[in-house]
There are 2 protein chains.
Amino acid sequence: MKIDPNSSADLSAQIAQAIKNAIVEGRLIVDERLPSEAELADQFQVSRPTVREALKRLAAQSLIRTQRGAFGGAFVNKISFKDAYSQQITTSTLLLSMNAVSFDTACEARYALERACAPLSAQRRTPDHLATMRAEIVRQGQPGLSDETFCASDVAFHRALVDGAGNPVLSYQLAGAVEAMQPLMNMITFTARSREVIVGLHTRIADAIEARDAASADAALVELTTYTMTLKDSVMAARAAARNSAHR
Amino acid sequence: MKIDPNSSADLSAQIAQAIKNAIVEGRLIVDERLPSEAELADQFQVSRPTVREALKRLAAQSLIRTQRGAFGGAFVNKISFKDAYSQQITTSTLLLSMNAVSFDTACEARYALERACAPLSAQRRTPDHLATMRAEIVRQGQPGLSDETFCASDVAFHRALVDGAGNPVLSYQLAGAVEAMQPLMNMITFTARSREVIVGLHTRIADAIEARDAASADAALVELTTYTMTLKDSVMAARAAARNSAHR
DNA sequence: ATATTTTATTTGTCTGACATTTAAAAGTCT
DNA sequence: AGACTTTTAAATGTCAGACAAATAAAATAT
């Protein structure tokens, strides 16, 4: 592992990259201990604070974990699906908000991916997944629910659907798409009528998944996609109208 | 923004989290300048090195960028699709290798997601996407190609297919699934015969996308999924056989 | 008016020190 | 001998102060 002191990049960034490469290329394996900070400083010919900044960069990506005390140190971290989930969710969320991704684009992506999971979920869902879906449907039908709570339940329903596919890689990929949509969904005010429609579609989806009927699940998801988009259009139109009348 | 000096977590981790929350919740907006390191150290009642470690954590996640000099400092970074791509690819790749995700699981996820893109790609693909796909098909047919180069071309082909959907969110989500599969695909030795089959299926996919025929594209993708899995099975079987005979 | 130099500010890096945590090793008691 | 306690060494976490390097604004010179 070498670094170039004449490069324009920060030393700590170079060191972090060098160690990251070693991990990605398998030269450092899970749970292997890195040299101590003092030894790394020696190897790279930099000071300990610089090494520490590099290690913090890696820790922020869950690539290493550190432990204090004798026989402590920095260890190559086995990145868990949970770590990867949360990373993906924050990245996706910021990506959508900062790049002003349109509701339609995000919505299309989300439901396209979800439809990819539905046939597998119809095959493999367990009673647990069905129970979660049914429970969320009940919650969504309760009166007096805030829009935020309704949205959160919506996310939980769809995550159960996705998890039903029994493929952790799919669940991981979908986590970003589904959760990152939530802030956008929160902009919608759900009337009693629209909640009724959504609960109806959720019920059809749950029924189809329970009956292992992939085609029906897909059809209901398509309808849900369309309905979500028209719902957003009408909410936007209503707001525009309210703004116009207020300005006169 | 407050931190708890009695918490078990590192001060730098707490500070990073506090600033991250401010960004995610929109209290700090894109291109806004954070206070200087000295001011932050003052605010949080810690030393400058500690603040710096916190900032490096954020920089590692592309949440901020720093600039030296007068009127420099740390600025909230607009996370780009490119940033998000590369983060997702390394995370996905490590997730697969460290958690010993089976070839079948990763493969299933990848093709399920890709099939989700195909109908959209059939609708919206530009001549550019088609040209890329055709060019990669030609490359894949050339003799004397190493397995690695063949795999890389395979990835390029499928990325063009995905990008054809014209939905950057989908492209971003798929980048992880497609690229992270590459190390697993690299374990396969592609015989002349198997390359011929794959090129044939790729041609059918490109033809279908060109003809805006979503159903045919889907059918070809399903065949490709099945074929990839049987290919991997036969490679594994051949290796097992070789091991057995060598041991006798 | 333009070009150059100066200056102030800020990040990047280094040195050295002390605090805190932790597990192994040594010691003590029953 | 075995169980408990104390000591110790090694490592990360934190701090203070200093200097280097970059950079843009301000001041100066042409």
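Order of the sequence lines fixes the chain letters, A, B, ..., with proteins taken first and strands second; residue numbering starts at 1 for each chain.
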query: Could a donor-acceptor pair under 3.5 angstrom be found where the side chain of Arg68(A) meets the base of dT20(C)?
result: yes
- prompt: Has the side chain of Arg48(A) got a donor or acceptor atom sitting under 3.5 Å from an opposite partner on the base of dG13(D)?
  reply: yes
Return the nearest nucleotide to the side chain of [X]; candidates are [options].
| X | options | answer |
| --- | --- | --- |
| Ser36(A) | dT14(D), dT12(D), dA24(D) | dT12(D) |
| Glu37(B) | dT22(C), dG12(C), dA24(D) | dG12(C) |
| Arg52(A) | dT14(D), dA24(D), dA9(D) | dT14(D) |
| Asp10(A) | dG12(C), dG13(D), dA23(C) | dG12(C) |

- prompt: Reckon Thr66(A) has a side-chain N or O less than 4.0 Å from the OP1 or OP2 of dG13(D)?
  reply: yes
message: If you compare every side-chain N and O of Thr50(A) against the phosphate oxygens of dG12(C) (OP1, OP2), does one of them come in below 4.0 Å?
response: no
- prompt: Rounded to the Å, how far apart are Lys56(B) NZ and dT13(C) P?
  reply: 8 Å
message: In this structure, how many angstroms lie between the C1' atom of dG12(C) and the CZ atom of Phe44(A), rounded?
response: 18 Å
task: Hey, which sits more toward the 5' end of DNA chain C by its nearest nucleotide, Ala38(B) or Pro49(B)?
output: Ala38(B)
- request: Look at all strands and tell whether Arg65(B) reaches a base, only sugar-phosphate, or nothing, counting heavy atoms closer than 4.0 Å.
  value: nothing
